[in-house]
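Labels below follow one simple rule: chain letters A, B, ... track the order of the sequence lines, proteins then strands, and each chain is numbered from 1. Owing to the predicted nature of the structure, the values given are computational and were not obtained by experimental measurement.
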Number of protein chains: 2
Amino acid sequence: MSTERYASPDAETVARVIDEALHAGALVTAEVRCEVEYDGRTSGYLGPGDRLLVAKPDGTVLVHKPANHKPVNWMPAGGTVTASVGDASGEPVVVARRTNPRERVEVRVRETYGLTRFDADDTAEYEESGTEAEMHDYIAANPEEVEEGLRIVEHERETKYGYLDFYASDAEGTPVVIEVKRVQATLTHFDQLKRYMDLFAGDEDDVDGTERAVRGMLVAPSASARVKRACRDAGLEFVALPDFETEAAGTNASLADFE
Amino acid sequence: MSTERYASPDAETVARVIDEALHAGALVTAEVRCEVEYDGRTSGYLGPGDRLLVAKPDGTVLVHKPANHKPVNWMPAGGTVTASVGDASGEPVVVARRTNPRERVEVRVRETYGLTRFDADDTAEYEESGTEAEMHDYIAANPEEVEEGLRIVEHERETKYGYLDFYASDAEGTPVVIEVKRVQATLTHFDQLKRYMDLFAGDEDDVDGTERAVRGMLVAPSASARVKRACRDAGLEFVALPDFETEAAGTNASLADFE
DNA sequence: ACCTTGATTTCGGTT
DNA sequence: AACCGAAGTCAAGGT
């Protein structure tokens with residue numbers, strides 16, 4: 001039996017089941033009416049209401065309101081969780097703490113509608129495709145999809161200002177710094193490229209002062225108008241790479257699009 | 001009664017309870033053995049294992065492994081959720097979809113250990129202190145804590161490159177662009193300030209080419225060595241503002257403890 | 001609806 | 001342990 005279920009358990013049962021379950025490596029969910037206090041990186045208070053409380057054996061605690069993806073209060077994995085019965089209130093109190101940063105979540109339970117211990121066995125790992133790392137692989141294998149004649153010189157090059165996605169060379173032999181984004185490019189992505197480009201600021205102009213000795217490219221499926229303008233103003237190039245394939249040498253992707 | 005609880009429900013019950021609950025504005029949690037498929041911004045597959053499944057009436061779906069803060073698969077609020085019994089498998093299938101972006105999560109349930117409908121009533125709002133917005137208020141009220149003689153001219157000033165936190169003026173009347181961070185400053189925060197500073201790039205140097213006509217300040221509790229170096233190299237100033245207090249009367253709690 | 005930014009971001013990788 | 005950057009980031013607030 002993977003679950004043990006309790007309807008309207010009393011305070012002692014709630015505290016005991018939570019402590020035992022977490023200690024044994026099981027997760028606990030509880031439907032409760034509670035109030036929550038958080039103190040740490042910020043501090044906050046959530047007044048009484050009905051919420052779903054989840055505690056995992058790795059120290060994770062989640063308090064979910066009836067809406068929204070994100071928990072209203074939580075503790076990430078790595079902390080310690082204790083459940084006890086409050087001296088004054090006689091009600092269950094769940095406290096999750098951690099250090100670095102030092103923070104604390106306290107859930108004061110007013111009423112427990114239901115409580116479930118779940119001895120979950122899960123060894124499967126999530127496998128994902130279409131990540132930025134795969135887009136890197138695609139570009140490394142198909143640099144001509146970014147620009148005809150482009151040759152990758154280095155991948156993930158470390159500099160004193162951070163890591164360049166690609167350091168490349170164009171058909172003319174001019175160095176090209178490339179920042180790749182899987183999603184629509186934002187100002188922070190532009191910033192990143194700009195920061196790397198500043199490393200070459202001293203070499204920026206040719207003898208006649210008109211041509212760049214190093215090109216900077218932001219490669220992404222799209223970008224907002226503001227991002228494009230920032231690129232234009234900074235002398236950087238936005239290259240729309242609308243799609244990428246992970247298999248073989250695809251020929252369906254459109255070529256570099258200089259607006 | 002706020003919860004209805006089912007132990008080892010059959011497939012029809014699972015599908016029916018989920019559909020009814022979500023339609024009625026209740027949340028559902030289920031302890032299940034399942035596999036999950038995601039298709040959308042990326043695509044992914046999670047093989048069979050025991051997980052906690054949560055569905056909320058706003059369209060949120062969460063699949064939690066026994067560890068970690070974040071769900072392994074999910075759908076944010078706003079989508080539609082359907083639960084049915086698979087024709088071939090005879091097992092429950094929960095599908096969550098949304099458009100913009102178009103994506104889909106399919107949870108194929110192999111076994112349902114437990115199922116709970118929770119008619120949660122929660123009107124309380126979370127109240128938080130120590131946010132960046134409060135740090136802005138503090139600086140607006142106490143500019144001398146940043147620098148003696150500093151005067152705030154504008155807050156949240158929009159420019160073609162984004163929003164300045166503060167546009168100020170120092171004791172000498174020199175304009176100061178200020179970017180504020182509640183947490184330790186990182187390179188991306190430096191980047192942000194740098195981007196805003198580029199707006200004034202033409203005015204950067206005095207007649208003798210040594211003094212800036214506009215100052216740039218990154219205000220945060222701390223910064224990494226690399227960030228400090230980047231500021232130095234770019235002619236920007238890092239100002240450590242280790243702590244801040246709110247003016248609000250009656251709040252005894254000390255706010256974020258920076259160090 | 002899009003854009004910009006903050007977030008108790010979390011998480012993983014590397015130094 | 002700190003730092004850096006991705007994330008299916010989410011969510012709020014403004015235009």
Legend entry - side-chain contact (heavy atoms from CB on, under 4.5 Å) involving A:V153 - partner list, sequence neighbours excluded: A:R151, A:Y167, A:S169
Side-chain polar contacts of residues 66-76 of chain B - donor-acceptor pairs under 3.5 angstrom, sequence neighbours left out - could you list them?
{"residue": "B:N73", "atom": "ND2", "partner": "A:Y126", "partner atom": "OH", "Å": "3.3"}

Inset, instruction - Return the residues of residues 43-60 of chain B meeting this criterion: a heavy atom under 4.0 Å from some atom of DNA chain D. Order them by number, or give none. - result: none
Legend entry - For A:R110, all residues meeting salt bridge (charged side-chain N to carboxylate O under 4.0 Å, His left out), sequence neighbours excluded: A:E35
Inset, instruction - Give the rounded distance in Å between these two atoms: CD of A:E37 and C1' of C:dT8. - result: 14 Å
Inset, instruction - With rounding to the nearest 0.5 Å, note down the distance linking CD in B:E145 to CG in B:L150. - result: 11.5 Å
Legend entry - B:F166 CZ to C:dT5 P, straight-line distance once rounded to whole Å: 15 Å
Inset, instruction - Can you tell me, in whole Å, how much space there is between the C1' of D:dG5 and that of D:dT9? - result: 13 Å
Look for any protein N or O under 3.5 Å of an N or O in nucleotides 13-15 of chain C and output each such pair with its distance, or none.
none

Inset, instruction - Determine which pairs satisfy salt bridge (Lys or Arg N to Asp or Glu O under 4.0 Å) with at least one residue from residues 47-66 of chain A, sequence neighbours left out, and list them in order. - result: A:R33-A:D50, A:R51-B:D122, A:K65-B:D122
Inset, instruction - Can you see which heavy atom on A:T131 is nearest to which on A:R182, and at what distance? - result: C-CD, 3.5 Å
Inset, instruction - Would you name the heavy atoms of B:P221 and B:F238 that are closest together and state the gap between them? - result: C-CZ, 4.5 Å
Legend entry - Spacing of the C1' atoms in D:dA11 and D:dA7 (rounded, Å): 15 Å
Inset, instruction - Could you pull out all residues at least two apart from A:R226 that satisfy salt bridge (charged side-chain N to carboxylate O under 4.0 Å, His left out)? - result: B:E158
Inset, instruction - Could you list the residues that satisfy salt bridge (charged side-chain N to carboxylate O under 4.0 Å, His left out) with A:E128, not counting sequence neighbours? - result: none
Could you list the donor-acceptor pairs under 3.5 angstrom formed by side chains in residues 95-105 of chain B, with sequence neighbours left out?
{"residue": "B:R98", "atom": "NE", "partner": "B:E103", "partner atom": "OE2", "Å": "2.7"}
{"residue": "B:R98", "atom": "NH2", "partner": "B:E103", "partner atom": "OE2", "Å": "2.7"}
{"residue": "B:E103", "atom": "OE1", "partner": "B:Y38", "partner atom": "OH", "Å": "2.4"}
{"residue": "B:E103", "atom": "OE1", "partner": "B:R41", "partner atom": "NE", "Å": "3.1"}
{"residue": "B:E103", "atom": "OE1", "partner": "B:R41", "partner atom": "NH2", "Å": "3.4"}
{"residue": "B:E103", "atom": "OE2", "partner": "B:R41", "partner atom": "NH2", "Å": "3.1"}
{"residue": "B:R104", "atom": "NH2", "partner": "B:E106", "partner atom": "OE1", "Å": "2.1"}

Legend entry - DNA chain D-proximal residues of residues 66-75 of chain A, any heavy atom under 4.0 Å: A:N68, A:H69, A:K70
Could you run down the sub-3.5 Å N/O contacts of the protein with nucleotides 1-3 of chain C?
{"residue": "C:dC2", "atom": "OP2", "partner": "B:N100", "partner atom": "ND2", "Å": "3.4"}
{"residue": "C:dC3", "atom": "OP2", "partner": "A:Q184", "partner atom": "NE2", "Å": "3.2"}

Legend entry - First and last nucleotide of DNA chain D, 5' to 3', lying under 4.0 Å from heavy atoms of chain A: D:dA2 to D:dA11
